[in-house]
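Comments concern the structure below.
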Amino acid sequence: MLLKLLKKEWALCLHPTSWIMLGLCTLILIPNYPYGVSFFYMTLAIFFLSMNARENHDVTFSMTLPVAKRDLVTGRFLLCMLLELLSLLAAGLMILLHRVLVPVPNAAGMDANLALLGEGLILYGVFHLLFFPAHYRDVSRIGVPFLTASAAVFLLIVLEIVLCHALPLFRDVLDTPDPQYRGAKLIFVLLSAFFYALATWLALRLSQRHFQKLDIR
Amino acid sequence: MSAILEVKDLVKRYPGFTLDQVSFSLEEGKITGFIGRNGAGKTTTLHSLLSFLAPDGGQIRFWGQDMRAHEQAIKQRIGFVSAGMNFYNKKKLRRITAVTRSFYEGWDEALYRRYLSLFALDEDKTPEKLSNGMKIKYMLALALSHGAELLILDEPTSGLDPVSREELLEIFLNLADEGKTILFSTHITSDLDKVADNILYLAGGKLKADCSLKEFTSSYRLVEYQKESLPAGTESLLIGERRSREGFTALIRTEDAGRFPLPARPCNLEEIMVHMEKEA
């Protein structure tokens, strides 16, 4: 059933700009750029996806399908997670290319390295927690939940830049070119993945609870 | 007869409107017409049945199963069409159907093709290129093609031309003969005069009638009169007096017809409804 829902989301809700946003992972190739911003664009893709779904009355249609109401939320989460996974894979590819094409440290925050993927996971986890539960209180409201979640994402990007200059763990270990401190960076990515999973699970549960109570008219 | 759907004390509160303890049940193979004026709560009731709305109270059981606990399995057996629905305007019908088809275990492709042909639907068109009537036909084609045992239809004949309406009513009668159950709300009460077995009449959020169409229409008679020719003491028998070109019309209860000195004739659903609403 979840696979069918994912296919439905892909076929009927996915907005074409998602591919442009995915392509913006190439920002990682720009020297001296806050690379965390490249993950923000994928959250923007989720915003467009949600807007596309709203304008096409996706919820009304989906409610007629033989699917439990709460599972419609799961379907949307699955598509968003798939997009995020694609963005992380693309970012990974850009990080490898960056080493070859732009082999200089980044003065504007985290280097293009393994730890950057961890940052992406944290940003996505926080975005899920702030965007989806607010959006599923009233699926017609997308702007305010997105603004709130985006503000948090940008604050975290600024915090990451500050930490890369101020905190030794970031400055001397995580914000270094690969393959230096690969073990520490891998642990950071794993912890970030754990946070992502936990935040997403919590966001899903809250969103389902809100959506179950929502009147769809 | 087994109950396909049992609704008990359904309550939904909005500021300024309450769907007030609505209870009814549907029998297998019957067509039930759901009537009431705009804002009476028909769509609220139908949407509550399908979990679009979260009711504030009451029980909804399909085939003896609680809707919330068995939503997925129950919806496999239901087809729902609403005239107000409008979705994926830029997607081709072919694509929407492909998605819909994948969700239903009992999808009958040959039947779907037959309805496409009957309704003259082109799958390469997008919903934005369809008239409202054609959109309803497309939704009906989807709803009728997955072997639904119960069809819940919210104004399915609105926007359809008279020929299409007649075709659709014929389909409903055939489906009922096959044992399918149909609940449909409409303002075109003449459609119900032709096909409905039972009537649910909702007014101001309360269920005013739940009976067979025959029982409902035979409960009242229509009288036409001039005010001055109305014998004294008979005014209290009149229900929902309305102006007409020739004078006035009103309902009287069938059991009062013998006591009423003027001729009274049988009436149809629309005549009953408009006079009862006037009385309310």
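It should be emphasised that the depicted structure is a prediction, and the values quoted were computed from it without experimental measurement. Chain identifiers are assigned alphabetically (A, B, ...) following the order of the sequence lines, protein sequences preceding nucleic acid strands; residue numbering begins at 1 within each chain.
- Residues F40(A) and F154(A) bring their aromatic ring centres within 6.0 Å.
- Looking at K8(A), the atoms closer than 4.5 Å to chain B (heavy atoms on both sides) sit in the backbone and in the side chain alike.
- Of the atoms belonging to L214(A), it is backbone heavy atoms, and not side-chain ones, that fall under 4.5 Å from chain B.
- The main-chain N or O of V11(B) is never found under 3.5 Å from a side-chain atom of Q21(B) such that the two would form a donor-acceptor pair.
- With a threshold of 4.5 angstrom between heavy atoms, N52(A) does not approach chain B through any atom at all.
- Aromatic pair Y124(A)/F39(A): ring centres closer than 6.0 Å.
- Ranked by heavy-atom pairs under 4.5 Å with chain A, the list S48(B), P127(B), A54(B) is led by A54(B).
- Under a cut-off of 6.0 angstrom, the local environment of CD in E170(B) is sparse, with at most 12 non-hydrogen atoms contributed by other residues, nucleotides or ligands.
- Counting heavy-atom pairs closer than 4.5 Å to chain A, the top-ranked of the candidates H47(B), R68(B), K90(B) is R68(B).
- Classification of the F132(A)-F77(A) ring pair by plane angle, with boundaries at 30° and 60°, yields tilted.
- Per-residue counts of heavy-atom pairs under 4.5 Å with chain A were compared for N86(B), N89(B), I152(B); the largest is that of N86(B).
- For a residue to count as touching a neighbouring chain, one of its non-hydrogen atoms must lie under 4.5 Å from one of that chain's; by this rule Q72(B) touches chain A with backbone and side chain alike.
- Between Y201(B) and F34(B), the distance from one ring center to the other does not fall under 6.0 angstrom.
- Put simply, of M1(A), R70(A), E55(A), the one with the most heavy-atom pairs under 4.5 Å next to chain B is M1(A).
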